[in-house]
Amino acid sequence: MRLLILGGTQFLGRAIAAHAYTMGHDVTCAARGLAGKVPHGARFIHVDRDEPDGLALLADEEFDALVDVSRHPGQVRRAVAALKQRVEHWTFVSTVTVYADNRTTGQRADAAPLRGPTALEIEHSTEETYGAAKVACEQAIGENAFICRAGLIVGPEDPTGRFTYWPTRLDRGGEVLVPGTPDDAVQLIDVRDLAQWIVHAAQTRLVGYFDGIGPSYTRGRFLAECADALGSSCTFTWVDRAFLERHDIRRWSGPRSLPLWLPLPDYAGFNTRDTSPARDSGLTVRTLSETARDTLLWARTAGGPVTGLTADEESAALKAWHASRPQSDTDDSLATRHPAVPSR
Ligand SMILES: NC(=O)c1ccc[n+]([C@@H]2O[C@H](COP(=O)([O-])OP(=O)(O)OC[C@H]3O[C@@H](n4cnc5c(N)ncnc54)[C@H](OP(=O)(O)O)[C@@H]3O)[C@@H](O)[C@H]2O)c1
């Protein structure tokens with residue numbers, strides 16, 4: 001295939017370009033080159049999609065398939081106008097943040113309700129309008145495309161540092177502060193698995209709406225598998241939502257967060273999406289162990305970013321937690337020693 005990636009200079013776009021090249025495809029990445037470099041084997045074309053005629057350099061090029069990772073409806077509309085008629089297969093990387101309902105468990109891409117119609121007015125997305133903007137992007141593309149709504153993407157080269165927190169923290173060992181309960185759900189996809197599926201989808205001309213995410217694990221199993229893979233010896237001290245919120249320990253990502261934690265029941269459905277349609281359409285996933293090991297290796301060798309609680313913040317939180325408990329609660333009844341973590 002002659003594959004055009006609108007993006008390709010960081011994380012997922014780069015992984016798609018790298019995998020497509022190893023599969024023998026002719027790969028072109030169009031971006032500004034600000035986020036990084038395209039991988040070995042891919043051709044780079046400088047474009048600025050915020051300019052009205054920003055894709056003009058692609059006017060004389062021929063492509064069989066295209067992958068767009070944009071989050072800005074204006075950029076997507078201009079790409080559709082310039083290229084949709086000329087490219088046989090179109091992939092748009094969207095997000096599970098397009099969904100309106102984060103509470104209901106086991107939802108599927110073909111039936112879950114989307115965020116509201118105000119999305120159509122958005123030109124440029126911000127952190128606040130990200131989900132609605134992705135809805136607007138999807139609407140601009142229309143039918144006859146592969147709309148891949150990615151969940152949490154993790155692995156080597158992750159610029160967010162949020163998943164990387166866990167392999168890095170578990171590798172340090174000792175008493176580890178962990179959020180919620182061992183039965184809470186965690187759901188993610190290794191960037192390399194998602195990239196492989198997106199290239200496979202282009203090869204097989206897959207179209208439709210799919211969630212691009214791996215299976216749902218319990219948090220207990222997630223931590224146990226990562227710790228096992230890293231040969232880590234640690235205890236897990238599970239702390240509840242009220243404690244985390246009282247101590248300004250934040251959700252999901254960023255400074256002072258316990259990454260990948262979302263409060264329940266508000267987000268009970270977020271990590272439990274039914275991905276059987278994706279599996280039936282060719283998505284395969286590697287083990288958590290492999291993802292954890294490779295991510296730690298990358299963080300160490302490349303100095304990849306890690307976000308979340310600092311060691312001092314975690315120690316202070318653990319101290320406060322133990323001080324807040326009756327003595328009888330501070331031993332094994334609330335701490336899970338690894339190995340021997342519940343799994344499913
Ligand atoms: N990370 C997650 O956990 C997660 C979860 C769900 C969905 N997603 C989705 O997954 C995708 C991730 O994509 P990604 O990792 O490749 O990163 P990204 O941050 O979405 O990359 C954006 C790409 O577009 C290019 N770009 C930005 N502005 C541009 C402009 N004005 N003109 C031309 N190119 C421009 C950037 O390159 P230059 O800056 O070099 O131009 C970069 O290559 C996104 O669609 C995201 O919404 C991510």
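Order of listing sets the numbers, starting from 1, for every ligand and every atom in it. The analysis underlying the following values was restricted to heavy atoms, covering all of them including side chains, and did not include hydrogens, waters or symmetry mates.
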Exercise for the section: Decide whether Ile213 and Val135 are clustered together by the hydrophobic rule: side chain heavy atoms of Ile, Leu, Val, Met, Phe, Trp, Tyr closer than 4.5 Å, transitively. Expected result: no
Problem - Sub-4.0 Å atoms of ligand 1 with respect to non-hydrogen atoms of Ser94 - result: 7 (C), 9 (C)
Practice task
Would you check the N or O atoms of Ala35, main chain and side chain alike, for any that come under 3.5 Å of an N or O of ligand 1?
Solution key: yes
Problem - Closest approach of any protein heavy atom to atom 21 (O) of ligand 1, naming residue and atom - result: Gln10 NE2, 3.4 Å
Exercise for the section: Looking only at distances, please establish whether an N/O atom of ligand 1 is found under 3.5 Å from an N/O atom of Thr160. Expected result: no
Problem - Lys/Arg-Asp/Glu bridge criterion (N-O < 4.0 Å) met for Glu62, Arg2 - result: no
Problem - Nearest non-hydrogen protein atom, atom 24 (O) of ligand 1 - result: Gly7 CA, 4.0 Å
Handout entry: Distance filter under 4.0 Å to Gln75 heavy atoms, resulting ligand 1 atoms
Key = 28 (N), 29 (C), 30 (C), 31 (N)
Practice task
State whether Glu123 and Arg78 are salt-bridged, where the test is any N-O pair (Lys NZ or Arg NE/NH1/NH2 against Asp/Glu carboxylate O) under 4.0 Å.
Solution key: yes
Fill in the blank from the handout: Logged contact type for His124 with ligand 1, heavy-atom cut-off 4.0 Å, is neither
Fill in the blank from the handout: Per side-chain hydrogen bond (donor to acceptor under 3.5 Å, both in side chains), Gln75 is matched among Asp68, Asp50, Asp48 by Asp50
Exercise for the section: Decide whether Asp184 and Thr181 meet the rule of one side-chain donor and one side-chain acceptor closer than 3.5 Å. Expected result: yes
Exercise for the section: Just let me know how Arg149 lines up against ligand 1, side chain, backbone, both or neither, with a heavy-atom cut-off below 4.0 Å. Expected result: neither
Practice task
State the atoms of ligand 1, each with its element, that fall below the 4.0 Å cut-off from a heavy-atom position in Gly8.
Solution key: 43 (O)
Practice task
Take the angle between the ring planes of His40 and Tyr21 and call it parallel below 30°, perpendicular above 60°, tilted in between.
Solution key: perpendicular
Practice task
Check whether any N or O atom of Thr95, backbone or side chain, sits under 3.5 Å from an N or O atom of ligand 1, and answer yes or no.
Solution key: no
Exercise for the section: Treating Ile, Leu, Val, Met, Phe, Trp and Tyr as nodes and any side-chain heavy-atom pair under 4.5 angstrom as an edge, say whether Val76 and Val67 lie in one connected cluster. Expected result: no
Fill in the blank from the handout: for atom 5 (C) of ligand 1, nearest protein heavy atom and its distance come out as Gly151 O, 3.0 Å
Handout entry: Residue-ligand contact Pro159/ligand 1, heavy atom below 4.0 Å
Key = no
Practice task
Kindly check if the number of other-residue, nucleotide or ligand heavy atoms within 6.0 Å of OH (Tyr267) is above 12?
Solution key: no
Exercise for the section: State whether the shortest distance between N or O atoms of Leu34 and N or O atoms of ligand 1 falls below 3.5 angstrom. Expected result: yes
Problem - Heteroatom distance test (Phe11, ligand 1): nitrogen or oxygen, under 3.5 angstrom - result: no
Problem - ligand 1 atoms in contact with Gly13 (distance to a heavy atom under 4.0 Å) - result: 14 (P), 16 (O)
Handout entry: Contact with ligand 1 for Arg14, non-hydrogen, under 4.0 angstrom
Key = no
Practice task
Below 4.0 angstrom from a heavy atom of Gly33, which ligand 1 atoms are there? Numbered from 1 as shown, please.
Solution key: 38 (P), 40 (O), 41 (O)
Handout entry: Note: Asp266-Arg251 ion pair, threshold 4.0 Å (strictly below)
Key = no
Exercise for the section: Report yes if some N/O of Arg71 lies less than 3.5 Å from some N/O of ligand 1; otherwise report no. Expected result: yes
Practice task
Consider every N or O of Val69 and every N or O of ligand 1, then say whether any pair is closer than 3.5 Å.
Solution key: yes
Handout entry: Arg250/Asp248 ion pair, N-O < 4.0 Å
Key = yes
Exercise for the section: Return a yes/no value for Ile153: is any of its N or O atoms, backbone included, closer than 3.5 angstrom to an N or O of ligand 1? Expected result: yes
Fill in the blank from the handout: A student checking ligand 1 against Thr9 at a 4.0 Å heavy-atom cut-off should list atoms 36 (C), 37 (O), 38 (P), 40 (O), 42 (C), 43 (O)
Exercise for the section: Identify which one of Tyr209, Trp197, Trp90 satisfies the ring-ring contact (aromatic ring centres under 6.0 Å, His included) criterion when paired with Phe146. Expected result: Trp197
Practice task
May I ask you to check whether Tyr130 has an N/O atom sitting below 3.5 Å from an N/O atom of ligand 1?
Solution key: yes
Completion exercise
min-distance protein heavy atom vs atom 35 (C) of ligand 1 -> Arg32 NE, 3.8 Å
Problem - Joint cluster assignment, Val69 & Val207, ILVMFWY side-chain distance < 4.5 Å - result: no
Practice task
Using a strict 4.0 Å cut-off to heavy atoms of Asp48, name the atoms of ligand 1 that fall inside it.
Solution key: 30 (C), 31 (N), 32 (N)
Practice task
Give the numbers and elements of all ligand 1 atoms closer than 4.0 Å to a heavy atom of Ala150.
Solution key: 6 (C), 7 (C)
Exercise for the section: Would you kindly confirm whether Leu264 and Leu223 end up in one hydrophobic cluster when ILVMFWY residues are joined by side chain heavy atoms under 4.5 Å apart? Expected result: no
